[in-house]
> 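Quick one: structure below, then a few questions.
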Amino acid sequence: MITTYKSSLKIDCNETTFQQNNKIRENLIQKNNSSFEIDRIFVCVQDGDRAIAILKQFGLYFPDTVIVSESEGTRSQICFLDNRYLAIVWLKDERSRSSSAINFPARVNWQDSRASPFGVGLSRIRDTLPLSWDDYPVENLTVDRYIAYSKQNQRNIIEPSVFFLPDRLKYSKILNRELPKGKRYRQHPLGVKNITDIKISVQAGKRRNSEIINWLDRERLLDIDRADAPLMELTFDKWIQGKIFDARPTLPIVFHY
């Protein structure tokens, strides 16, 4: 089933904030002492069908709905966890062009462009924080369709794309966990529930980290490292099962679960 959206993603949209896992949220707040949290993660791939098939075989559940963004020229499928989600993104066709700051064509073809195939979206932990775009913790933000990007981060595409989401687009607002569909989306054969740690390696080079990457590292929102090739390491449920799944070379991801 394919669903086309011209603008923002809408999935079981509901303005009622669902009840988050309190222990996970408290741990995140204590860990990073930040007013922000990582709301979603995306990984750009060339072959979406193959990537999704591998992740399903691994034990993650992906709804059949394919989200098509006409403005970005992309397709994506989403794996919903209890505390955030993982999106796999690929281009609709080779001629696709991106109208936003993310530059999906370069990130999908990361092996040739040296761009990072990853992206992270951040949201505020509490809706009541009195923040406007001018109050965000990094300077030189540009706002595109109500989402804010760092201009430095846009220029340095070897880094993951980092963006700030308004409260109304938070994961907690777009998925109603109380509906049967919302519950079914989060039931994974692997038995995982939360993404509890994220580490992203960017390709080594002479460039210094941008302001937003240094801020993410300083706030301990995620771990940043340098390596010969891009890599994302995701830990589920604090590595409770003590197992590792390496999805390379198809996907530049290592899972700890």
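Quick caveat, the model's predicted, so the values are computed rather than measured.
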> Minimum heavy-atom separation for Arg226 and Ile158, please, with both atom names.
NH1-CD1, 3.8 Å
> Checking Ser123 side chain against Leu165 main chain: does a donor-acceptor pair fall under 3.5 Å?
no
> Without swapping roles, check the side chain of Asn156 against the backbone of Asn209 for a donor-acceptor pair under 3.5 Å.
no
> Salt-bridged, Arg184 to Asp64, with N to O below 4.0 Å?
no
> Given the rule that I, L, V, M, F, W and Y join up when any side-chain heavy atoms are under 4.5 Å apart, are Val254 and Phe58 in one cluster?
no
> Any side-chain to backbone donor/acceptor pair from Glu159 onto Ile213? Under 3.5 Å, distance only.
no
> Got a second to check how far Leu60's CG is from Ile54's CD1, nearest 0.5 Å?
12.0 Å
> Say you draw a straight line from CZ of Phe118 to CG of Leu222; how long is it, rounded to the nearest 0.5 Å?
11.5 Å
> Apply side chain to side chain contact (heavy atoms under 4.5 Å, CB included) to residues Glu233 and Ile198 and explain how you reach the verdict.
CA-CA 6 Å; Glu233 297 175 69; Ile198 304 167; over 6 Å; no
> Distance check, rounded to the nearest 0.5 Å: Phe62 atom CZ versus Tyr185 atom OH?
13.0 Å
> Does a sphere of radius 6.0 Å around CG in Asp228 hold more than 12 heavy atoms from other residues, nucleotides or ligands, not counting ones at 6.0 Å or beyond?
no
> Would you sort out whether Ile200 and Leu216 count as a side chain to side chain contact (heavy atoms under 4.5 Å, CB included), showing the intermediate values?
CA-CA 11 Å; Ile200 293 180; Leu216 284 170; over 6 Å; no
> Say whether Leu251 and Leu231 are linked into one hydrophobic cluster, either directly or through other cluster members, by side-chain heavy-atom distances under 4.5 angstrom.
no
> Are Val120 and Trp110 joined in one hydrophobic group, where the rule is that I, L, V, M, F, W and Y side chains link up if heavy atoms are under 4.5 Å apart?
no
> How about His188 and Cys79: do any of their side-chain heavy atoms sit closer than 4.5 Å?
yes
> What about Phe236 and Phe255, are their ring centers closer than 6.0 Å?
yes
> Around atom CD1 of Ile244, are there more than 12 heavy atoms of other residues, nucleotides or ligands at under 6.0 Å?
yes
> Just wondering, more than 12 heavy atoms not from Lys193 lying within 6.0 Å of its NZ?
no
> I'd like to know whether Ser69 forms a side chain to side chain contact (heavy atoms under 4.5 Å, CB included) with Ile67, so could you lay out the CA-CA distance, the side-chain angles of the two residues, the decisive distance to 0.1 Å, and finally the verdict.
CA-CA 7 Å; Ser69 171; Ile67 308 225; 5.8 Å; no
> Can you confirm whether Arg186 sits close enough to Tyr85 that some side-chain heavy atom of one is under 4.5 Å from a side-chain heavy atom of the other?
no
> Could you see if Val43 belongs to whatever hydrophobic cluster contains Ile195? Use Ile, Leu, Val, Met, Phe, Trp, Tyr and a side-chain cutoff under 4.5 Å.
yes
> Output yes when a side-chain donor or acceptor of Gln46 lies under 3.5 Å from a complementary backbone atom of Asn109, and no otherwise.
no
> Rounded to the nearest 0.5 Å, what separation is found between the OH atom of Tyr257 and the CG atom of Asp237?
12.0 Å
> Please find the pair of heavy atoms, one from Pro252 and one from Arg248, that lie closest to each other, and give the distance.
CA-CG, 3.9 Å
> Decide if the gap between the ring center of Phe104 and the ring center of Phe42 is smaller than 6.0 angstrom.
yes
> How many angstroms lie between atom CG of Leu55 and atom CG of Leu86, to the nearest 0.5 angstrom?
7.0 Å
> Which atoms form the tightest heavy-atom contact between Gln203 and Arg114, and what is the distance?
OE1-NH1, 3.0 Å
> Parallel, tilted or perpendicular: which fits the ring planes of Phe36 and Phe164, with parallel below 30° and perpendicular above 60°?
perpendicular
> Minimum heavy-atom separation for Ile157 to Ala106, with atom names?
CD1-CB, 4.1 Å
> Using only atom types and a distance under 3.5 Å, with no angle test, would you say the side chain of Asn194 pairs donor to acceptor with the backbone of Asp82?
no
> Restricting to non-hydrogen atoms, name the atom on Asp167 and the atom on Lys173 that form the minimum distance, rounded to 0.1 Å.
O-CG, 3.4 Å
> Look at the side chain of Arg107 and the backbone N and O of Ile102, then say whether any donor-acceptor pair between them is shorter than 3.5 Å.
yes
> Give the cluster check for Leu169 versus Tyr149: same hydrophobic cluster or not, with ILVMFWY residues linked at side-chain heavy-atom distances below 4.5 Å.
yes
> If we only count heavy atoms from C-beta on, is the Val202 to Pro160 side-chain gap below 4.5 Å?
yes
> Using the side chain to side chain contact (heavy atoms under 4.5 Å, CB included) rule, take Glu178 and Asn176 through it: C-alpha gap first, then chi angles, then the decisive distance, then the call.
CA-CA 6 Å; Glu178 300 308 315; Asn176 189 332; 3.5 Å; yes
> Measuring from Ser161:OG to Ile212:CD1, what's the distance to the nearest 0.5 Å?
8.5 Å
> Distance-only, no hydrogens or angles: does the Arg75 side chain make a donor-acceptor pair with backbone N or O of Val66 under 3.5 Å?
no
> Using only atom types and a distance under 3.5 Å, with no angle test, would you say the side chain of Lys92 pairs donor to acceptor with the backbone of Glu70?
no
> Treating Arg84 as the side-chain partner and Ile41 as the backbone partner, does any N or O pair qualify as donor plus acceptor under 3.5 Å?
no
> Might you point out which heavy atoms bring Arg40 and Tyr171 nearest each other, and give the distance in Å?
NH2-N, 3.5 Å
